Visitor: 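Sharing a structure, written as structure tokens. Questions coming.
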2 protein chains.
Amino acid sequence: MDVARLTPAAARALFRDGLVRPTAGWCRGWTQANLIAVPRDHAFDALLFFQRNPKPCPVLGVLEPGQVNGPLLAGGDIRTDLPAYTVYEDGRQVAEVTDARDVWRADLVAFLVGCSFTFESALLEAGIRIAHLDQGRNVPMYRTARRCEPAGGLSGPLVVSMRPIPADRVADVVRITARYPAVHGAPVHVGDPAALGIRDLDAPDFGDAVRIGPDETPVFWACGVTPQAAVMESRPPLAVGHAPGHMLITDARDSDYLVL
Amino acid sequence: MDVARLTPAAARALFRDGLVRPTAGWCRGWTQANLIAVPRDHAFDALLFFQRNPKPCPVLGVLEPGQVNGPLLAGGDIRTDLPAYTVYEDGRQVAEVTDARDVWRADLVAFLVGCSFTFESALLEAGIRIAHLDQGRNVPMYRTARRCEPAGGLSGPLVVSMRPIPADRVADVVRITARYPAVHGAPVHVGDPAALGIRDLDAPDFGDAVRIGPDETPVFWACGVTPQAAVMESRPPLAVGHAPGHMLITDARDSDYLVL
């Protein structure tokens with residue numbers, strides 16, 4: 001099965017039927033999205049947090065209470081169509097499930113947040129290799145020492161994803177990814193992980209470590225796991241997120257989010 | 001008094017002391033903002049409405065309950081620093097006041113929304129005349145037949161502002177204003193008002209009519225009065241907006257919102 005060539009609807013059906021895989025490299029050209037769902041009482045704080053932190057939290061769509069699909073997942077079900085979900089109660093991860101129907105509540109508001117997997121197609125087309133794809137791993141993600149702008153009761157650190165990039169292609173990846181502001185856009189940091197408060201690139205907080213070549217520089221992008229880090233810190237009674245790296249594959253095309 | 005050269009803080013102090021004027025042309029180079037404040041219970045619907053309708057409702061800042069100032073109005077007071085306010089109860093306009101302290105409630109959330117006055121400086125610098133400035137009027141604004149994307153209990157029509165532009169400068173105003181997406185950006189409509197459901201340009205729904213020259217085309221931009229039209233239709237128990245054309249003058253520079 002060439003997962004890069006599947007349609008979003010076909011991929012969602014596979015995940016709905018129980019397949020569990022990180023989605024990097026799936027459905028090339030189609031936009032992937034982070035999920036974070038919180039109770040209606042916490043939805044304003046969440047949306048305001050996203051509005052104030054657009055780089056890690058670009059909102060692609062919002063499903064209001066009772067909605068389980070919408071234009072980004074036509075005919076789908078947000079509770080089943082991702083490969084895996086993380087469930088939080090009072091900020092603690094209490095479960096990872098492949099079907100969230102049992103934990104879903106009628107008052108949950110589901111936010112779909114842009115994902116950097118979206119611009120990986122454009123990087124590949126430019127001849128830039130993606131280490132986690134080459135190495136068959138989930139992308140490495142790290143909590144940083146950089147704080148997000150808080151909103152109401154919600155606060156937390158910036159989370160970043162990392163891709164090692166050859167020194168002579170760093171300028172290209174900046175230029176290419178800057179054209180996709182709705183899916184994290186240009187890197188937030190190029191080089192020294194310590195300046196972001198990351199002590200060990202081999203010990204990511206989410207996802208898998210990847211090997212970094214001698215001529216490669218670690219390049220960091222704002223990451224849509226940031227809302228989950230805020231949930232862990234701010235402890236709403238319930239939250240359901242995607243399992244990191246296991247995204248919603250939407251019916252939007254990457255080119256819908258291309259500027260310039 | 002050359003109002004174009006005042007600082008934002010000086011202008012806000014004049015309005016706080018009771019001066020009432022439309023703010024077009026004031027504090028050239030400083031960003032102006034629309035105000036809409038709604039009770040906390042309605043704030044999620046409002047913010048989601050803005051997120052779904054970014055062209056008329058670009059959010060520049062949000063003051064949470066209890067906050068009356070912030071980085072956009074340092075040392076100011078959102079309840080007093082605009083020239084005039086419109087007060088709505090259950091969607092009906094019940095008062096226009098120059099000081100909103102008597103009607104303000106502790107649970108109000110104040111949204112500051114981008115205003116097209118911001119790009120007028122750039123148009124003037126390009127040698128494009130602004131009819132309402134030349135004619136000493138408030139900008140004309142119209143309800144249209146175009147519907148906004150609803151959110152929760154909030155729905156309403158798109159409101160537009162209109163500037164007559166000489167035929168040979170229409171392309172220039174599109175190009176220039178497109179560079180300011182956070183303050184409504186490029187026009188939504190150029191030409192025939194009837195196609196927007198506007199029957200009579202001489203009878204604007206807000207602001208003043210302006211004379212249109214024989215070689216001029218009416219050009220329409222999405223307008224930050226749109227949230228007030230949604231309030232009128234959707235009837236939250238209380239809302240406080242700016243009086244149309246009587247904006248908050250912020251401490252942000254127009255250039256902060258310039259892209260490209």
Side-chain angles (χ1 to χ4, degrees), chain A residues 33-34 36-55 57-67 70-72 106-114 148-155 175 178-182 185-186 227 234 236 252 256-260, chain B residues 33-34 36-55 57-67 70-72 106-114 148-155 175 178-182 185-186 227 234 236 252 256-260:
Chain A
N34 299 272
I36 186 76
V38 297
R40 175 68 175 76
D41 285 350
H42 297 263
F44 174 64
D45 285 358
L47 187 55
L48 187 56
F49 184 84
F50 304 159
Q51 194 272 334
R52 288 183 175 162
N53 298 282
K55 196 111 184 176
C57 311
V59 177
L60 304 185
V62 181
L63 305 182
E64 296 178 63
Q67 289 189 307
L72 289 172
D107 69 334
L108 285 181
V109 177
F111 297 93
L112 306 176
V113 169
C148 289
E149 191 75 28
L154 211 56
S155 62
R175 193 175 48 78
R179 300 169 70 199
Y180 295 90
S234 309
D256 295 343
Y257 299 109
L258 179 65
V259 298
L260 309 199
Chain B
N34 300 272
I36 187 75
V38 297
R40 175 67 175 78
D41 285 350
H42 296 263
F44 174 65
D45 285 358
L47 187 54
L48 186 56
F49 184 84
F50 304 158
Q51 194 272 334
R52 289 182 174 162
N53 299 283
K55 195 113 184 174
C57 310
V59 177
L60 304 184
V62 181
L63 306 182
E64 297 178 62
Q67 289 189 308
L72 288 173
D107 69 334
L108 285 182
V109 177
F111 297 93
L112 305 177
V113 168
C148 289
E149 191 74 27
L154 211 55
S155 61
R175 192 176 48 79
R179 300 169 71 199
Y180 294 90
S234 309
D256 295 342
Y257 300 109
L258 179 65
V259 298
L260 310 199

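Within every chain, numbering begins at 1; the chains are lettered A, B, ... in the order of the sequence lines, protein sequences first and strands thereafter. None of the values given here were measured: they were computed from a predicted structure.
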Visitor: Taking all non-hydrogen atoms of both residues, which atom of B/Q51 and which atom of A/V62 are closest, and how far apart?
Guide: OE1-CG2, 4.2 Å
Visitor: Please report the interatomic distance CG(A/D45) to CZ(B/F44), rounded to the nearest 0.5 Å.
Guide: 11.0 Å
Visitor: Over all heavy atoms of both residues, which pair between A/R40 and B/D41 is shortest? Give the atoms and the distance, please.
Guide: NH2-O, 4.1 Å
